[in-house]
Amino acid sequence: QVQLVESGGGLVQPGESLRLSCAASTNIFSVLVMNWYCQAPGKQRELVATISPSGAPTFADSVKGRFTISRDNAKNTVYLQMNDLKPEDTAVYYCNTHFWRDFWGQGTQVTVSS
């Protein structure tokens with residue numbers, strides 16, 4: 001019922017920025033809470049940021065002040081602007097939402113390395 005496709009990952013140096021996008025195929029995007037998760041090798045998937053239907057954001061402590069989550073309901077897209085990237089941000093980033101169950105995108109790799 002909900003399909004999510006992430007894009008925008010890549011290889012960057014510490015201190016640089018990336019913007020991830022998540023395109024959602026659903027007729028109820030505007031009423032969904034949208035989330036970004038990350039999963040580093042050997043670690044659990046963890047919540048990075050959440051955005052309410054109206055655009056109110058919440059961030060994990062590790063990214064506060066560096067990342068911004070936003071959404072464009074007209075485009076059924078949620079974004080994660082990642083600034084001042086650090087090596088510890090290296091992970092696969094997943095878009096997520098919940099309707100009658102959890103829905104996940106395929107993930108996009110972010111690698112931060114000097």
Using a 3.5 Å distance criterion without hydrogens, assess whether the side chain of N96 forms a donor-acceptor pair with backbone atoms of F103. yes
Check whether any side-chain heavy atom of C95 lies under 4.5 Å from a side-chain heavy atom of W36, and answer yes or no. yes
When hydrophobic residues are tied together by side-chain contacts of less than 4.5 Å, even through go-betweens, does V92 share a cluster with V78? no
Mind checking whether F29 and L20 sit in one hydrophobic cluster, side chains of I, L, V, M, F, W, Y counted as touching below 4.5 Å? yes
Would you check, one step at a time, whether the test side chain to side chain donor-acceptor pair (under 3.5 Å) holds for S113 with T111? CA-CA 6 Å; S113 177; T111 303; over 6 Å; no
Got a donor-acceptor contact below 3.5 angstrom from the T97 side chain to the V33 backbone? yes
Measure across A40 and A91 and return the closest heavy-atom pair with its distance rounded to 0.1 Å. N-CB, 3.8 Å
What's the spacing between I69 CD1 and Q81 CD if we round to 0.5 Å? 12.0 Å
So, taking the atom named SG in C22 and the one named OH in Y93, what distance separates them when rounded to the nearest 0.5 Å? 15.0 Å
Under 4.5 Å between side-chain heavy atoms, hopping through other hydrophobics if needed: is there a path connecting V48 to Y37? no
Euclidean distance, F99 CZ relative to I28 CD1, rounded to 0.5 Å: 4.0 Å
If you apply the rule side-chain contact (heavy atoms from CB on, under 4.5 Å), what do you find for V112 with E88, and how did you get there? CA-CA 8 Å; V112 185; E88 48 264 49; over 6 Å; no
Enter the distance from F59:CZ to I51:CD1 here, rounded to the nearest 0.5 Å. 7.5 Å
CG on L11 to CD on Q109, rounded to 0.5 Å: 9.5 Å
Minimum heavy-atom separation for S17 and N83, please, with both atom names. OG-OD1, 2.9 Å
Where T26 and N76 come nearest, the two heavy atoms and their spacing: O-OD1, 2.9 Å
Which atoms form the tightest heavy-atom contact between G9 and V110, and what is the distance? CA-CG2, 4.2 Å
Ring pair (Phe, Tyr, Trp, His ring centres under 6.0 Å) involving Y94 - partner list, sequence neighbours excluded: none
Check P14 against S114 and note the closest heavy-atom contact, atom names and distance. CD-N, 3.7 Å
Closest non-hydrogen atom pair between G8 and T108, with its separation: N-OG1, 4.1 Å
Is it the case that atom CD in Q44 sees more than 12 heavy atoms from other parts of the structure closer than 6.0 Å? no
Consider only side-chain heavy atoms of I, L, V, M, F, W and Y, link residues closer than 4.5 Å, and tell whether Y79 and L4 are in one cluster. no
Once rounded to the nearest 0.5 Å, what's the spacing between atom CD of E6 and atom CH2 of W104? 9.5 Å
Which pairs, with at least one residue in residues 64-84 and sequence neighbours excluded, count as a salt bridge (Lys or Arg N to Asp or Glu O under 4.0 Å)? D61-K64, R66-D89
Any non-hydrogen side-chain atom of V63 less than 4.5 Å from a side-chain atom of M82? no
